[in-house]
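Residue numbering restarts at 1 for every chain, and letters A, B, ... go by the order of the sequence lines.
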Amino acid sequence: MKTEINGDDLLAIGYTEGRVLGEALKAAAALPDITREELLALLTKVKQYPENFLDDEHMESLATALIEELNKPVDTTIALIEEKREYAVYGADYIEEGAGKQMAIAMQLPVTVAGALMPDAHQGYGLPIGGVLATRNAIIPYGVGVDIGCRMALSVFDIPAEHFYENEAIYKRELIAHTKFGAGHGFHGRYKADHAVLDRSEFNITPFVKNLQDKAASQLGSSGGGNHFVEWGIIEFEQRDEVLNIEKGKYLALLSHSGSRGLGATIAGYYTRLAKDICRLPKEAANLAYLDMASEAGQEYWLAMNLAGDYASACHEVIHNKLTAAVGARVLAKVENHHNFAWKEQWHGEEVIVHRKGATPAGKDVMGIIPGSMTAPGFLVRGKGNEDAINSASHGAGRQLSRTKAIQQISQQDMKAVLKEHGVTLIGAGLDEAPMAYKDIHKVMAAQHDLVDVVARFEPKMVRMADDGSKED
DNA sequence: ATGTCC
């Protein structure tokens, strides 16, 4: 009579649910008649020493499955650290509660070294927007964010402010002609831009990344949707800046805000999923899944993240080159900084991975741009290198109304009035990007007085954003 | 942020 065993018998001798259990039942069914005791003893042995059964006619599949299971990353939950660890908060009065809760969880990760919350912070996925987290040998894809390498780029031109006011129609025409907004949109045919970043070897690291190369080529020099913009404005230096070699005065400037488009978003999504598969954290921390920097997945993400960052930079370069040429300007100075990224940096003498998710690098003398809103000034800043803030500052004013609330509470008339009051021409954008949806940038700047010095002040004058619903070309 | 499933 054929010996019958079931899953419970296997669980009792140490097997676990899943593919291995299925293979064990199959192997048992295919065996010639042996006693129940002999069968269980055999399966116990296979479980213990699977490598000895790789050549066994009946046990080969089971042994292979067991070995693969052993080599799989351990499928147990990584414990959070119980002890509450302090982190620096700037502008606590302006920060919503959810952001603090998320930061507190991030501080409990076993890989966390330090954290800080910037005054524009609000709730995000995993790490809050406006959150800075330093880790030891670990990279958190959602600590970087979906729009990898998202950044600001500013070109200061040798054009006096008056020239802009006297030729607004030309500036408007060129701004529309050389920028592209909207989710999924890019350039086609002869309008496609070129840049060395498209030939980077990192596209070959995996077939997955390689598959993104064509879309990256098409979207090069485009801006996307959401809060991204390209704008003309007037920048004022109240005194000569030695580093930039710019005299006191007012100049025409171009400011852009955008990221790595579909390329970065797809990379972020893929590696977040991979990290969640490998790094099992308690539910409240699941979106903070991290990759060991020494692991294959960690190194892959690091390369792909840097590629997306350089691609985002190339997009700004294309936009600035096109518009600089279009208006026949000469660039006096260019400043650029990313605010969704991870860097290897020194912190209190230790090499750490600093994640800035919506935070501007503000190491000693590092320049950055902190935008306000479409009618509020943005600031060219120089970092003070504050270690409590992990050498960071805010990446903007931060929202005070969610997109939904902004659309409900702000009228078209309100929007028109505030634009008129500030003499700002707007192309595109929905009510969710209205100035009233953002915090007061002056309060935010005051809250980070210890983090950055203001070098110059930029007033937006002509702003292009994606249309409501991202349906424009 | 992103054609919201690689």
Side-chain angles (χ1 to χ4, degrees), chain A residues 99 102 120-131 140-153 179-188 203-230 256-278 287 297 300-301 304-305 307-309 311-313 315-316 319 338-342 355-360 371 395-396 398-399 402-404 406 428-430 432-433 437-438 465-473:
Chain A
Q102 289 187 313
D120 60 340
H122 52 103
Q123 207 167 320
Y125 279 104
L127 198 64
I129 319 296
I140 306 169
Y142 260 162
V144 168
V146 173
D147 193 2
I148 298 172
C150 184
R151 66 190 59 211
M152 307 298 307
T179 58
K180 179 78 84 179
F181 283 82
H185 291 259
F187 295 95
H188 303 283
F203 275 108
N204 301 316
I205 53 173
T206 66
F208 159 74
V209 176
K210 185 73 183 172
N211 278 337
L212 304 171
Q213 199 166 15
D214 286 347
K215 184 153 80 174
S218 151
Q219 294 186 329
L220 180 68
S222 66
S223 297
N227 57 2
H228 290 171
F229 60 77
V230 180
S256 50
H257 173 214
S258 56
S260 50
R261 310 291 285 103
L263 174 68
T266 313
I267 288 170
Y270 177 85
Y271 286 98
T272 291
R273 178 180 294 225
L274 189 62
K276 283 175 149 179
D277 280 348
I278 294 172
N287 284 330
E300 253 181 41
Y301 175 75
M305 177 194 77
L307 175 64
Y311 173 77
S313 180
C315 287
H316 286 263
I319 295 165
H338 30 340
H339 48 226
N340 281 10
F341 211 62
H355 303 73
R356 293 190 181 88
K357 186 183 191 182
T360 303
H395 80 314
R399 283 192 166 274
S402 69
R403 291 188 180 278
T404 319
D432 47 349
E433 285 300 328
Y438 286 89
M465 301 187 84
D467 277 350
D468 219 353
S470 309
K471 55 186 180 293
E472 78 299 309
D473 58 18

Could you go over nucleotides 2-6 of chain B and give all protein N or O partners under 3.5 Å, atom names and distances?
unit_1	atom_1	unit_2	atom_2	d
dT2(B)	OP1	Arg261(A)	NH1	2.8
dT2(B)	OP2	Gly225(A)	N	2.7
dG3(B)	OP2	Gly184(A)	N	2.1
dG3(B)	N7	Gly184(A)	O	3.4

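Residues passing the side chain to side chain contact (heavy atoms under 4.5 Å, CB included) test with Ala297(A), sequence neighbours excluded: Leu274(A), Ile278(A), Leu291(A), Ser295(A). Residues passing the ring pair (Phe, Tyr, Trp, His ring centres under 6.0 Å) test with Phe203(A), sequence neighbours excluded: none. Residues passing the ring pair (Phe, Tyr, Trp, His ring centres under 6.0 Å) test with His355(A), sequence neighbours excluded: none. Considering only residues two or more places apart in sequence or on other chains, His228(A) meets the ring pair (Phe, Tyr, Trp, His ring centres under 6.0 Å) condition with His257(A). For Tyr125(A), the ring pair (Phe, Tyr, Trp, His ring centres under 6.0 Å) criterion is met by Tyr142(A), not counting sequence neighbours.
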